[in-house]
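Below, each value reflects all heavy atoms present in this structure, side chains not excepted, and no hydrogens, waters or symmetry copies. Along the sequence shown, residues are numbered consecutively beginning with 1.
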Amino acid sequence: MTELHTMYRVMILYMLNRLEYPLTNTQITNFILEKDYTNYFTVQQTISNLLSSGLITAESTHNNTRYHITDEGKETLRFFSDKISPAIKQDISDYFAEHHYDLKEETSVYADYFKAAGNGYQVRCQIKNLDETILDLTLRTANREQAQAICANWKNQKDDVYALLMDQLLK
């Protein structure tokens with residue numbers, strides 16, 4: 001069983017190392033479940049183990065978590081990359097090729113909220129391209145429901161909001 005857990009750990013490290021942007025918990029889990037490598041609980045336990053051992057880091061919002069491989073994770077991957085077969089590496093490459101746009105799009109759009117000083121909430125909405133921030137917008141709302149609504153709508157409205165801002169500011 002330990003050999004299998006090592007393989008799962010290396011698979012996730014390999015996935016995170018292959019891309020220039022982070023992957024979400026959902027993206028990692030979907031790949032592993034879609035390929036029937038293991039079950040949901042094992043994936044979550046493996047991610048937790050990678051976090052606690054410092055091989056990956058997490059960036060969390062109210063609705064998702066994005067993972068990055070650390071330097072220690074890259075070093076570990078160099079030592080243990082033979083723990084996953086060429087067929088699994090090919091599955092990962094094929095999955096990334098098939099879902100590249102969706103994977104990148106999901107991790108380039110960010111929205112989160114937090115309690116503001118005094119009353120209300122601050123909502124931070126971002127669009128990123130790899131490590132470059134394209135738009136970083138922070139809004140104050142009167143209540144949590146408004147903050148949640150903005151976060152929920154940001155993914156679908158980001159292009160319109162960006163275009164409106166650019167149009168208005170470049171007049």
Going by atom type alone, with no hydrogens or angles, which donor-acceptor pairs under 3.5 Å involve a side-chain atom of residues 7-17 and a protein atom two or more places apart or on another chain?
{"unit_1": "Tyr8", "atom_1": "OH", "unit_2": "Tyr37", "atom_2": "O", "d": "3.2"}
{"unit_1": "Arg9", "atom_1": "NH2", "unit_2": "Ser53", "atom_2": "OG", "d": "3.4"}
{"unit_1": "Tyr14", "atom_1": "OH", "unit_2": "Arg18", "atom_2": "NH1", "d": "3.3"}

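Side chains of Asn25 and Thr29: a donor-acceptor N/O pair is present below 3.5 angstrom, by distance only. The closest side-chain donor-acceptor pair between Tyr113 and Gln148 falls under 3.5 angstrom. Of the N and O atoms on the side chains of Tyr121 and Asn143, not one donor lies less than 3.5 Å from an acceptor on the other residue.
Remark: the backbone N or O of Gly54 is paired with a side-chain donor or acceptor of Thr70 at under 3.5 angstrom. Panel note: side chain Arg140, backbone Asn119; a donor-acceptor pair is recorded below 3.5 Å. Checked by atom type and distance alone, the side chain of Asp167 never pairs as donor or acceptor with a backbone atom of Ala163 at under 3.5 Å. No donor-acceptor pair closer than 3.5 Å links the side chain of Thr133 to the backbone N or O of Leu135. Side chain of Trp154 to backbone of Gln126: a donor-acceptor contact under 3.5 angstrom is found. In this structure, the side chain of Ser48 does not engage the main chain of Gln44 through any donor-acceptor pair within 3.5 Å.
Placement of Tyr67 and Phe41 in two distinct hydrophobic clusters is found when ILVMFWY residues are connected by side-chain heavy-atom separations under 4.5 Å, directly or transitively. Put simply, Val123 and Leu164 are part of two different groups of oily side chains (I, L, V, M, F, W, Y) that touch within less than 4.5 Å, one to the next. No continuous path of hydrophobic side-chain contacts links Leu33 to Phe96 [ILVMFWY only; heavy atoms under 4.5 Å].
Scanning for side-chain contact (heavy atoms from CB on, under 4.5 Å) contacts around Asp94 gives Gln90, with sequence neighbours left out.
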side-chain contact (heavy atoms from CB on, under 4.5 Å) between Ile69 and Leu55, worked out: CA-CA 6 Å; Ile69 189 168; Leu55 301 178; over 6 Å; no
